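Structure record follows, encoded as structure tokens.
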Amino acid sequence: MTVRSLPDFPWDSLAPYKERASSVSGGIVDLSVGTPVDPTPAVVQEALRSAADAPGYPLTYGTAPLREAVAAWFARRRGVPDLDPDGVMPTIGSKELVAWLPTLLGLGQGDVVGFPGVAYPTYDVGARLAGATPKVVDGLAALGPLTPSTTPKLLWLNSPSNPTGRVLGIEHLAKVVAWARQHGVVVASDECYAELDWRKDSTEPTTPSILDPRVTGGSHQGLLAVYSLSKQSNLAGYRAAFVAGDVALVRQLLEVRKHAGMIVPWPVQQALTAALGDDAHVAEQKARYAARRTRLRTAVESFGLRVDHSDAGLYLWATRGEDAWATIDALSRRGILAAPGTFYGQAGREHVRIALTATDERIATAVERLRS
């Protein structure tokens, strides 16, 4: 792998549209990147401060209380009562785990890594970093007759999806798991928007997990769930995340990470533990996003865009049936910056991703501009 084999960093191409949006009276409303803007919860800040005296090396595996907190959170919030704390490990944010998972699993030349056609671009990057072959897999039937060289060694799922907000149901997840086990495929599910579920008919606390016993049949073999607290707890600056599932797979990752020095700092481990034990701040943050989402969606639709999927997560996946860059241009002339769907694959070429991550004041400004 060389730097030349990596794709260009897509966000650089937004520069002229950002400049145009910034020139509008009242300044830019930047809805292009999903970075949290609300305060980090007090309970988390206090945990970080209390752990500030940290002269020794932390555990790559994470503290036992942290791993037990993750297991308790899965039982309480995700409908997963049987997660073994030994199958949990903190990571330095979820993006680094996504980018390095194929390498950590020992994948390389000739190995296929599958991911959705409209997807977070780091799935593709991770395959390239390992020297493996990235492949869009939109439905298992698309793989055709399988051979040892065409069967993915790793298959990424992303539910709720970034950017589309689509949620995969229990039946769909169970079919994927059964297929993967039949063919010896590791399934990694990126679930970092799970708490931000907007489906009105949902009876569950969160969106379904790949580790749900209705999906797994009671075994986490071959399965990994990746999760980040950046979204639900405003911890993007902390790089606080974890991977959980198959104990054997997590221990395999652990051995490599110990050699590589991929260790979550002790104060962050303490903050992560505190955040996982406090559901109140998550509910409060979800309510903020729900209010912003309602206002912004109505204004986006009044501007002539149709919102597709967007059943969960921090984005509106919107289109008016034209090239995404034409929509980006139209929005920038109103002082609003969004992300073109092409950043997430060619299948998104007629959509834009509009983030909910802006202050109430900036959301109100966007709403006013879209309606004018």
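Not measured: the values here are computed from a predicted model.
- In summary, of the residues considered (Leu272, Leu83, Thr273), a side chain to side chain contact (heavy atoms under 4.5 Å, CB included) with Val70 occurs for Leu83 alone.
- Side-chain contact check for Leu253 versus Leu105: some heavy-atom pair is nearer than 4.5 Å.
- Asp86 places none of its side-chain heavy atoms less than 4.5 Å from the side chain of Val250.
- The side chain to side chain contact (heavy atoms under 4.5 Å, CB included) test with Phe115 singles out one residue from Asp138, Asn158, Asp124, and that residue is Asp124.
- For the residue pair Asp278 and His281, the shortest heavy atom distance occurs at OD2-ND1, 2.8 Å.
- In this structure, Ser202 and Val167 have side chains that are not in contact, with every pair of non-hydrogen atoms separated by 4.5 Å or more.
- Of the inter-residue distances, the one linking Ser228 atom OG with Glu96 atom CD reads 11.0 Å to the nearest 0.5 angstrom.
- The number of heavy atoms from other shown groups lying within 6.0 Å of CD (Glu322) is above 12.
- Put simply, the side chain of Thr319 gets close to the backbone of Gly321: a donor and an acceptor are under 3.5 Å apart.
- In this structure a side-chain-to-backbone donor-acceptor pair under 3.5 Å is present from Thr150 to Thr147.
- Sorted by first then second residue, the salt bridge (Lys or Arg N to Asp or Glu O under 4.0 Å) pairs that include residues 345-355, not counting sequence neighbours, number zero.
- Distance alone, capped at 3.5 Å, is enough to place a donor-acceptor pair between the Arg181 side chain and the Gln221 backbone.
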#### Entry: Working for side-chain hydrogen bond (donor to acceptor under 3.5 Å, both in side chains), residues Ser50 and Glu46
CA-CA 6 Å; Ser50 297; Glu46 180 55 36; 3.1 Å; yes

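- Not counting sequence neighbours, Thr151 has no partner by the side-chain hydrogen bond (donor to acceptor under 3.5 Å, both in side chains) test.
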### Query
Passes salt bridge (Lys or Arg N to Asp or Glu O under 4.0 Å), Glu171 versus Lys175? Steps please.
CA-CA 6 Å; Glu171 183 177 350; Lys175 287 181 179 178; 3.6 Å; yes

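- Around atom CH2 of Trp179, more than 12 heavy atoms belonging to other residues, nucleotides or ligands sit under 6.0 Å away.
- Contacts classified as ring pair (Phe, Tyr, Trp, His ring centres under 6.0 Å) and involving residues 135-170 (residues at least two apart or in different chains) are given here: Tyr123-Trp156.
- The pair Arg251-Glu255 does not meet the salt-bridge criterion, since no charged nitrogen lies less than 4.0 angstrom from a carboxylate oxygen.
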### Task
Could you go through the side chain to side chain contact (heavy atoms under 4.5 Å, CB included) check for Thr298 and Arg371 one step at a time?
CA-CA 9 Å; Thr298 301; Arg371 287 177 170 169; 3.3 Å; yes

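- In this structure, CG in Leu211 is found 8.0 Å from CG in Leu224, a value given to the nearest 0.5 Å.
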### Task
Determine, stepwise, if the pair Leu107 / Leu154 fulfils side chain to side chain contact (heavy atoms under 4.5 Å, CB included).
CA-CA 9 Å; Leu107 304 189; Leu154 171 64; 3.8 Å; yes

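- With hydrogens and angles ignored, the 3.5 Å screen pairs no side-chain donor or acceptor of Thr164 with any backbone N or O of Asp308.
- Note that CG of Asp279 is 11.5 Å distant from NZ of Lys286, once rounded to the nearest 0.5 Å.
- Hydrophobic clustering, with ILVMFWY side chains joined whenever heavy atoms are under 4.5 angstrom apart, groups Leu370 together with Leu31.
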### Task
Starting from the C-alpha separation in whole Å, work towards a yes-or-no answer on side chain to side chain contact (heavy atoms under 4.5 Å, CB included) for Trp266 and Thr63.
CA-CA 9 Å; Trp266 164 262; Thr63 68; 3.4 Å; yes

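- Between the side chain of Trp198 and the main chain of Ala290, no donor-acceptor pair closer than 3.5 Å is present.
- Not counting sequence neighbours, the partners of Arg199 by the salt bridge (charged side-chain N to carboxylate O under 4.0 Å, His left out) test are Asp197.
- Residues Leu66 and Pro90 have side chains in contact (heavy-atom distance under 4.5 Å, counting atoms from C-beta outward).
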### Message
Evaluate Thr357 against Val33 for side chain to side chain contact (heavy atoms under 4.5 Å, CB included), listing each step before the verdict.
### Response
CA-CA 8 Å; Thr357 50; Val33 181; over 6 Å; no

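- For NZ of Lys135, the number of neighbouring non-hydrogen atoms (other residues, nucleotides, ligands) closer than 6.0 Å is 12 at most.
- A donor-acceptor pair shorter than 3.5 Å can be found between the side chains of Ser209 and Glu191.
- Between the Asp12 side chain and the Leu14 main chain, no donor and acceptor come within less than 3.5 Å of each other.
- Considering OG1 of Thr40 and CG of Asn234, their distance stands at 6.0 Å, rounded to 0.5 Å.
- Not a single ring-ring contact (aromatic ring centres under 6.0 Å, His included) links Tyr238 to another residue, sequence neighbours left out.
- Val125 and Val243 fall within a single hydrophobic cluster, where Ile, Leu, Val, Met, Phe, Trp and Tyr are joined by side-chain heavy atoms under 4.5 Å apart, directly or via other members.
- One distance of note links OH of Tyr227 with CZ of Arg78; it measures 6.0 Å at 0.5 Å rounding.
- Using modelled atom types, one side-chain atom of Gln269 and one backbone atom of Val264 make a donor-acceptor pair closer than 3.5 Å.
- The side chain to side chain donor-acceptor pair (under 3.5 Å) pairs that include a residue from residues 112-122 number zero, where partners must be two or more places apart or lie in different chains.
- Once rounded to the nearest 0.5 Å, the distance linking OG of Ser161 with CG of Asp190 reads 9.0 Å.
- By the criterion of side-chain heavy atoms lying less than 4.5 angstrom apart, applied directly or through intervening Ile, Leu, Val, Met, Phe, Trp or Tyr residues, Val256 is grouped together with Leu254 in one hydrophobic cluster.
- Met89 and Leu59 sit in two unconnected hydrophobic clusters of ILVMFWY residues. Membership requires side-chain heavy atoms under 4.5 Å apart, directly or through other members.
- Applying the ring pair (Phe, Tyr, Trp, His ring centres under 6.0 Å) definition to pairs two or more places apart or across chains, those involving residues 297-319 are Tyr193-Tyr315, Trp317-His351.
- Within the structure, salt bridge (Lys or Arg N to Asp or Glu O under 4.0 Å) contacts touching residues 152-167 (residues at least two apart or in different chains) are Asp111-Lys153.
- Among residues two or more places apart in sequence or in another chain, the side-chain contact (heavy atoms from CB on, under 4.5 Å) test is passed with Asp329 by Tyr17, Arg20, Ser332, Arg333.
- No donor-acceptor pair closer than 3.5 Å links the side chain of Thr206 to the backbone N or O of Glu195.
- When the ring-ring contact (aromatic ring centres under 6.0 Å, His included) test is applied to Phe74, no partner is found at least two apart in sequence or on another chain.
- The hydrophobic cluster containing Val112 does not contain Val185, counting ILVMFWY residues as joined when their side-chain heavy atoms lie under 4.5 angstrom apart, directly or transitively.
- The list of salt bridge (Lys or Arg N to Asp or Glu O under 4.0 Å) pairs with a residue in residues 357-370, not counting sequence neighbours, reads Arg292-Asp360.
- His172 meets the ring-ring contact (aromatic ring centres under 6.0 Å, His included) test with no other residue; sequence neighbours excluded.
- Of the possible donor and acceptor atoms, none in the side chain of His220 sits under 3.5 Å from a partner among the backbone N and O of Val247.
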